[in-house]
K.L.:
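Here's a structure for you.
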Amino acid sequence: MTVADREPGAPLAMEVPAVDSPPGEQPVGWSHRHLLDVDVVTPDEIELVMRTTDAMREVLSRPISKVPALRGTNVTILFYEASTRTRVSFEVAAKNLSADVVNIAAATSSVSKGESLVDTVKTVEALGAQILVMRHSVSGAPYLAAEIFGGSVVNGGDGWHAHPTQALLDLYTMRAHLDGSVEGRKVVILGDILHSRVARSNIWSLTAAGADVWLCGPATLLRGFEAWGLRGAADGRRFHVTSSLEEAVRDADVVMALRIQKERMSSGLLPSLREYAARYGLTRDRLALARPDALVMHPGPMNEGVEIAPDVAAGSASVITEQVANGVAIRMAVLYLLAGTSSNA
Amino acid sequence: MTVADREPGAPLAMEVPAVDSPPGEQPVGWSHRHLLDVDVVTPDEIELVMRTTDAMREVLSRPISKVPALRGTNVTILFYEASTRTRVSFEVAAKNLSADVVNIAAATSSVSKGESLVDTVKTVEALGAQILVMRHSVSGAPYLAAEIFGGSVVNGGDGWHAHPTQALLDLYTMRAHLDGSVEGRKVVILGDILHSRVARSNIWSLTAAGADVWLCGPATLLRGFEAWGLRGAADGRRFHVTSSLEEAVRDADVVMALRIQKERMSSGLLPSLREYAARYGLTRDRLALARPDALVMHPGPMNEGVEIAPDVAAGSASVITEQVANGVAIRMAVLYLLAGTSSNA
Amino acid sequence: MTVADREPGAPLAMEVPAVDSPPGEQPVGWSHRHLLDVDVVTPDEIELVMRTTDAMREVLSRPISKVPALRGTNVTILFYEASTRTRVSFEVAAKNLSADVVNIAAATSSVSKGESLVDTVKTVEALGAQILVMRHSVSGAPYLAAEIFGGSVVNGGDGWHAHPTQALLDLYTMRAHLDGSVEGRKVVILGDILHSRVARSNIWSLTAAGADVWLCGPATLLRGFEAWGLRGAADGRRFHVTSSLEEAVRDADVVMALRIQKERMSSGLLPSLREYAARYGLTRDRLALARPDALVMHPGPMNEGVEIAPDVAAGSASVITEQVANGVAIRMAVLYLLAGTSSNA
């Protein structure tokens, strides 16, 4: 797949950078210093991320998948929540760009000694961080960090709010299988929408790209989204909310199942995992309602047998592992574009 | 010590690689994609590992002990059990070969969120892992991983089952002190044989190399090994099982004490640490039964005063610290040989 | 600020190294193999550290702040206590010098399996460590390590005893704002002196440099220091102990607030955090007693609202963030000087 295959007619306002350039010499058309959510990224900028990701996938296909672009740049990964895939994805992405990576897991560090977030961010900057990748259980925490931090902040997931690199890798993965565009495609997000930052960021980027987005789950896990749906419709976005799995999945082009957090059971929002699986688990039979070539996606980690059946997760329609691989390329692209902005600033 | 000193007559079927070659240019005669245990490694291949380790020791003796062989290779260390020495040994080995190293400690990561091992391995591969070093509390887990993983899997210890790089470094250390061969040498493994992956892998490699292997410990910690001993004897391997420390240690060339896990006490298999130390602890008096130049070994970490007396651990017969140093060289050799196989595949 | 600005008349016995030299070629006048505390470092050597730190700050100001000085050197950071800022500071410092860094967090590693410190240090050396940065809750632990370890040991904080790199970075930060010298300056250390390794190391280096050091806090947290004060005075050092905040802060040039460990409450040494804050918290009103251009310092992490008011911590007198940034430069200088000593040995 090449860029030309995907977007035959669309001229791009910004030039895709030459990813093999040495540090500080990338011509970059990206204007944001931080990546906090996808809601402020324009369609042209999304296009730039996608094409830069194509270039990063080419780098990843090389025998030695390293470019010097971020040599000497300190990328600090400050995670206040446990994570493997996102943390490692950013770490590998940064190392592929020759950055120096510092990992700080807040749960096992003196960050737990009660220091304020503001002080921690100032400290991390004074220790040399130039790009700060941050995950926090409180929605909005990276926005606070961005106000203080002198370099670039990347939101690696904040509370229920946003997870922009996940939304970008999901969009990239869909486009790769849908002739380069999600416009007019029916995309279902299935499960615990209420507590999902993945859902929130995807709603923004997918509706902006013209997809017909359907949110589906138990009514208790959709609270507040119907109003958002109406507002979105007023803005010309296509956005539906339903508790009927059949209605949602019928003729869908993409079905994305979300992880059910077992903690939700105790809060009374869900009766039991078994009942959830019985009513909303993505099984082969239910997937048969979708289009024959529909894609199955999941942000991981999966509870197989709960929100998704093992044979569906491992089936031919599944692009779940591809999402992970594209995640590294997306994060290389994001770090690359942000670094270019910083060095031009 | 040179290769010639050790194996004067034996021609080697495979050529020892030139370890300073750049990535992808090593001529390698090694045929295994994975290293899961030593039981499938042929004597010629063992020889190749030993000689490659000689070459790696030479690298380690240089002022800057780094070669470019694995430049651009992602070595991911996925440990489901706490470990310092083995984890760091692989990490240092990989870095000495210029690999990029990713550490994942499963206890503190989202791996604990209930994701299946199969999904974790697929994810780690999609994140870029090319060589996966894995430790798991369940025997056989790395075999499952190897069925799924597209690169090479190295078993860093699985349950009670196997710890192949430990067996290789133990063999290397013994040979270095025993004129290049363990053939006909009396080697005692002393302690909790039942729960020891170190013992199991060493039994394979040592009996295959012609050593006279004695297992010694309380009868409760030898269960099942007598039958294995008889079967081994039928195959022409020399392999004895006894609860008599005196019988085992008398005239031994090597005495390897195993770590006593304190958890075993509660399970009723051992009366008390004090009683264990009194009956099976390796003291100076007991060591005096062995040959005057006998070697004392231990895979670490030691409970000094329990399975081994402090003066024995630190005495002139002890090669325990040398085992650790040889461990880095062995792991450099193993990673090097596996990477060569992958790049030729 | 240049070296000449700071010490116009003083000739330096040792030459400041050329920090861009390749490994092993630095001419170094530093004579210590370890850095365990500042009490054995001579004034000339302190001067050498300060000037080498100037050179490292120049390196840090470059677009790519990396020099090859420690290429191929293994720096192992073995921390038995949680830490973010000190651990990351050493890690970034070592990476800026192109060293290979190994992190071992003892709490989450098999170090907790009961292995003795002596065995751990021998093991870490056998695994390749050449410089060992160590933090331990037991005072004196790094001294024991230094007796065994074949390379260089840096004390990253031991119990209540010492924290030499903190004292050096504090001195460096003060000199930078006080015309190059603390001689005759009134420096107040405020808070829990009893349990503070930061205080102990600072008392040594500051009194040696001719500062007029005042220790201030509740009497229960000053126990033993009055006797030390008298002894110091006998040696010609200027060193006062008081529980009167007003007496201490009046006309001070520097006020350094120490972190209050919440654990101290339960031990009966402090009535409550609120009462401590009311009597000894560094507020704007109290700071007004000091000289108009007085510096506010804190080793971090801060309990804002307890030992220091938020507006003081973030105020124009505060050099707290600068301390953190200077910490990286100081640690680069220390690692650099120690590596030079080792390679000449």
Side-chain angles (χ1 to χ4, degrees), chain B residues 59-60 62-67 79 81-96 98-99 101 103 105-109 135 157 169 259-263 273 298-306 308 310 313-314 318-329 331-332, chain C residues 22-26 68-80 82 91 94-95 97-132 134 147-151 339-340 342-345:
Chain B
V59 170
L60 288 172
R62 300 178 190 173
I64 295 185
S65 49
K66 254 182 143 63
V67 288
F79 268 37
E81 289 186 339
S83 164
T84 298
R85 83 183 55 215
T86 307
R87 196 266 297 168
V88 172
S89 184
F90 274 110
E91 178 175 339
V92 171
K95 286 179 173 171
N96 287 345
S98 306
V101 179
N103 275 299
T108 59
S109 82
R135 169 167 287 192
L169 76 88
R259 176 178 175 79
I260 288 294
Q261 308 280 349
K262 291 173 183 172
E263 308 84 91
L273 286 184
H298 191 294
M302 293 185 277
N303 288 307
E304 289 188 54
V306 183
I308 190 166
S318 169
V319 294
I320 295 171
T321 304
E322 205 178 312
Q323 288 175 272
V324 179
N326 287 338
V328 175
R331 285 161 185 132
M332 288 171 74
Chain C
E25 292 189 17
Q26 311 93 311
L70 266 67
R71 188 155 46 84
T73 299
N74 176 313
V75 174
T76 295
I77 302 176
L78 174 65
F79 267 37
Y80 286 81
E91 178 176 338
K95 286 179 174 172
L97 298 171
S98 305
D100 284 322
V101 179
V102 172
N103 273 300
I104 304 178
T108 59
S109 83
S110 71
V111 166
S112 58
K113 284 186 185 170
E115 187 180 56
S116 73
L117 181 62
V118 169
D119 288 341
T120 300
V121 170
K122 281 184 190 167
T123 298
V124 163
E125 181 175 353
L127 288 168
Q130 293 166 290
I131 298 182
L132 176 62
M134 182 176 174
E147 284 178 25
I148 306 152
F149 189 66
S342 303
S343 67
N344 294 346

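Atom set for the values below is all heavy atoms of this structure, side chains included, hydrogens, waters and symmetry mates excluded. Naming convention: chains lettered A, B, ... in sequence-line order (proteins, then strands); numbering from 1 in each chain.
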K.L.:
Has S318(B) got a side-chain atom pairing as donor or acceptor with A314(B)'s backbone, closer than 3.5 angstrom?
P.N.:
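No.
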
K.L.:
Please check if the side chain of R259(B) supplies one atom and the backbone of P301(B) the other of a donor-acceptor pair under 3.5 Å.
P.N.:
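At least one qualifying donor-acceptor pair exists.
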
K.L.:
What pair of heavy atoms forms the shortest contact from S83(B) to R135(B), and how long is it?
P.N.:
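Here S83(B) and R135(B) meet closest at CB-NH1, 3.5 Å.
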
K.L.:
Keeping the roles fixed (side chain from S98(B), backbone from V67(B)), state whether a donor-acceptor pair exists under 3.5 Å.
P.N.:
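Checked: pair present.
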
K.L.:
Find out whether T120(C) and M134(C) are in side-chain contact, i.e. whether some heavy atom of one side chain is under 4.5 Å from a heavy atom of the other.
P.N.:
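A side-chain contact under 4.5 Å is absent here.
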
K.L.:
Side chain, backbone, both or neither: which part of N74(C) has a non-hydrogen atom closer than 4.5 Å to chain B?
P.N.:
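When you check distances to chain B, only side chain atoms of N74(C) fall under 4.5 Å.
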
K.L.:
Tell me, please, which residues at least two apart from E125(C) pass salt bridge (charged side-chain N to carboxylate O under 4.0 Å, His left out).
P.N.:
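By the salt bridge (charged side-chain N to carboxylate O under 4.0 Å, His left out) rule, E125(C) matches no residue at all.
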
K.L.:
Using a 4.5 Å heavy-atom cutoff, which residues in residues 319-327 of chain B come close to chain C?
P.N.:
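The list, in residue order, reads T321(B), V324(B), A325(B).
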
